Protein chains: 2
Amino acid sequence: MKRITTEAAEPQEHRTKPPTVRDVARRAGLSQAAVSYALAGPSPRVSDQTRQRVLQAAAELGYQPNVLARVMKGKEAGLLGIIVRDGGAPTAAEVCRTLMTRAPAYGYDIILTDAGNSATTLLRLANLMKSRLCDGLFLVGELPDQDMHWDAYERLGVPTVALLHGDERAYPGTRVSVERRSGLREALDHLYELGHRHIGFVGSDLLNGLKERRRTFVSLMRERGLPLPKESLLLTDFSREGGRDAMRRLMSMASPPTAVLACADLVASGMLVEARRAGVAVPGDISVVGYDDNPEAEYSCPTLTTVHQPIAEMADRALEWFQSRRAGGASSLDNLVVNATLVVRESTGPAPLDGPAKGRAHTGAVRRGRSSVPGG
Amino acid sequence: MKRITTEAAEPQEHRTKPPTVRDVARRAGLSQAAVSYALAGPSPRVSDQTRQRVLQAAAELGYQPNVLARVMKGKEAGLLGIIVRDGGAPTAAEVCRTLMTRAPAYGYDIILTDAGNSATTLLRLANLMKSRLCDGLFLVGELPDQDMHWDAYERLGVPTVALLHGDERAYPGTRVSVERRSGLREALDHLYELGHRHIGFVGSDLLNGLKERRRTFVSLMRERGLPLPKESLLLTDFSREGGRDAMRRLMSMASPPTAVLACADLVASGMLVEARRAGVAVPGDISVVGYDDNPEAEYSCPTLTTVHQPIAEMADRALEWFQSRRAGGASSLDNLVVNATLVVRESTGPAPLDGPAKGRAHTGAVRRGRSSVPGG
DNA sequence: CTGTTAGCGCGTTCAG
DNA sequence: CTGAACGCGCTAACAG
């Protein structure tokens, strides 16, 4: 009963705030409802003439609807959110880019935030996006300690698809996962055919997904009856520096493997850099295989043989899932599997005939070049 | 008068919707207002005891405030938005990453969307972010045709800072710009000292910023009285492929430059790849300088001498601007300038003593390798 | 057939 | 400490 406001309000401070439907209505001499109907498209509710008046008034004021208000009313936003653990990781970055590129084809806009490795940031941002803003969420890349935050994840209350999250123990919700075994098997077959028998692995325990790659590798090696001395299973940081360090350690081994699988291209890339620096030939002395097939793999030196993760396909699976949900089917807890395949480039070649690299002439060069290095 | 809803509604469907202040209030046996005050922090409006009750009820329900509703009410969101023209471009990607990493230190969260090179998409997303959601916007990377959309940009009605946008003719609003002249001058000095006199440029006209780099290069060459034949000013695509194409054209020239500046690392990287493929030595036969200092520059083969854009500093300038605005000063239309500096790595070396690369033995190899290439 | 009124959703805030 | 209005755009139900 105390409605004092309405038309009596002063118009002078409207300059700063963007115009609303009310402003347009005032200008067109109509009610807000009429404006809303007119703006929604041709409709039997408003005459074409009125509609034109509205459209013109809106254009003159530069009116843009407030999406937030619309969303609050309960309309679908047509917006999906990406929360990436660490946008600096090349594979995660490419997944995000791909999702963003492809989303429009599925009728979605997309926004992204970076959790910067912090679980609390992730939850804060998730809460923001979930507040009716986004119809769904992608979780790209796992957090190192995400297992601790399960309850919070589950409470999100927004349809969510996880990507790059390892297997169901690492993330029990709906996720896109890569069939690890086949890709790694291809890599091992490839190396075996090239004559390699002593094959090492450079891994990291930072994330569940990386651990799984190592476990799968070990199991495949056993399956095939190949020797796997403990020192050929290296652990290092999930970074380019980690790769360099691993390569140094390999070069200092009495009997290093003739071929090595890295848990990620990022690590493999560091290995190549260090090999080049130390004068170790790849693949002449040691073959290196990556995992991920980041865009850089094609431009490294030598170009990198690696297990390709089909990122475009992963993005499509994830987007399709949202689309079919929107259509009606509440298909809960899916596991959307895609396959990885080996891409052979320059970093793998025949196993050295005269045994491991260590015995060869240039090994001296390695020692000379970096004798004070840790891990030796 | 027809208010049927309210308390009479069935409670069973509350499970799906996240809890609201009303739910917390009901649980604590208080009014929504009391809850709101209590949640806002200690205040004379509610007793500490009541506050505890509220806090506990909120925790039990897993209550999270709806950020959208809060923002609608006119509160600051503490959120900044990034609109990136093309997240695939390495420099833009790194600027975004850096902004996202550093924003928390300035008290902001940050969300990002990719305009995917489309102006309409950009404006749609800008409208979303502007709808009270974001307190400010970063525009990262210019659109090829952005000049056409000036009025729309200006109407955004949100404090905006542009990054990677060329000079004030390209973007008249507040922006962070790189002092181009000094960085390029350093690069030329460096090449000059190495004995290079015939220096070329591989540019692109896609974006204003790239055009400016070329113009600055030309003006510096004139200033120094160095010859600059028209065919040493190459134009190509802003991509790795564009770089490869440019290198092929350079190799087919009768008298190619002994050193070349590329308008961007991305292009320079393609040039290195093609040189390696064709057996042209860098820097033995030709020196290559990039622009941007993307992270990859340090890992290419050879590593790339390039003009470093101080991205961290750019991000800090931009974030500081928002921060000081928030504090009160409405400092409008600033131009926040940072300086670029040369980083010398392996891709530059002394000018060949026996004249341009073309005259040397391996040139034959180049021709053998790729005689059917366009641009020759 | 056209236009208007009124109220939804949710956190905030002023007058009681 | 509570009741009720507010900021928004949208839309069901009514009035002309």
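A, B, ... follow the sequence lines: proteins, then strands. Residue 1 opens every chain. These numbers were taken from a predicted model, which means no experiment stands behind them.
- Side-chain proximity of A/Ala69 to C/dC10, D/dG9, C/dT12: nearest is D/dG9.
- Between the side chains of B/Tyr108 and B/Asp135, no donor-acceptor pair of N or O atoms lies under 3.5 Å.
- Side-chain proximity of A/Tyr37 to the nucleotides C/dT4, C/dG11, C/dC14 is greatest for C/dT4.
- Of all nucleotides listed (C/dC10, D/dG7, C/dT4), D/dG7 comes nearest to the side chain of B/Lys73.
- Nucleic acid contact for B/Leu30: sugar-phosphate only, since backbone atoms but no base atoms lie under 4.0 Å from a heavy atom of the residue.
- An OP1 or OP2 oxygen of D/dG7 is reached within less than 4.0 angstrom by no side-chain nitrogen or oxygen of B/Lys75.
- Checking B/Arg51 against A/Pro65, the closest nucleotide of DNA chain D that is more toward the 5' end is the one next to B/Arg51.
- C/dC10 atom P lies 10 Å from atom OH of B/Tyr63, rounded to whole Å.
- No hydrogens or angles considered: nothing links the side chains of A/Asn335 and A/Glu168 as a donor-acceptor pair under 3.5 Å.
- With hydrogens and angles disregarded, no donor-acceptor distance shorter than 3.5 Å links the side chain of A/Asp334 to the backbone of A/Leu336.
- Look at CD on A/Gln32: it is 13 Å from P on C/dG7, rounded to the nearest Å.
- At a threshold of 4.0 angstrom between heavy atoms, the contacts of B/Thr20 are confined to the sugar-phosphate backbone, with no base atom among them.
- The nearest whole Å value for the distance from the CG atom in B/Asn66 to the C1' atom in D/dG7 is 14 Å.
- The CG-P distance, from A/Asp48 to C/dC1, rounds to 14 Å in whole Å.
- Within 4.0 Å (heavy atoms only), B/Ser131 reaches no atom of the nucleic acid at all.
- For A/Leu68 and D/dC10, the CG to P distance is 12 Å, given to the nearest whole Å.
- Nucleic acid contact for A/Ser47: sugar-phosphate only, since backbone atoms but no base atoms lie under 4.0 Å from a heavy atom of the residue.
- The side chain of A/Met72 lies closest to C/dC10 when the candidates are C/dC10, D/dA4, D/dT11.
- Rounding to whole angstrom units, CG of residue A/Asn127 and P of C/dC10 are separated by 13 Å.
- Of the listed nucleotides (C/dG11, D/dC8, C/dC10), D/dC8 has the atom at the smallest distance from the side chain of B/Arg132.
- For the pair A/Arg85 (side chain) and A/Leu143 (backbone), a donor-acceptor distance under 3.5 Å is absent.
- Closest to the A/Thr50 side chain, of the nucleotides C/dT12, C/dT2, D/dC8, is C/dT2.
- Note: CG (B/Leu39) to C1' (C/dT12) measures 12 Å, nearest angstrom.
- When side chains are defined from C-beta on, A/Gln49 does not count as touching A/Gln52, because their heavy atoms never get closer than 4.5 Å.
- Side-chain atoms of A/Arg22 come within donor-acceptor range of the base of D/dG9, with a qualifying N/O pair under 3.5 Å.
- When distances run from any side-chain atom of A/Ser31 to the nucleotides C/dT12, D/dC10, C/dT5, the shortest one goes to C/dT5.
- Checked by atom type and distance alone, the side chain of A/Ser131 pairs as donor or acceptor with a backbone atom of A/Asn127 at under 3.5 Å.
- Taking atom CZ on B/Arg70 and atom P on D/dC8, their separation rounds to 17 Å, with Å as the unit.
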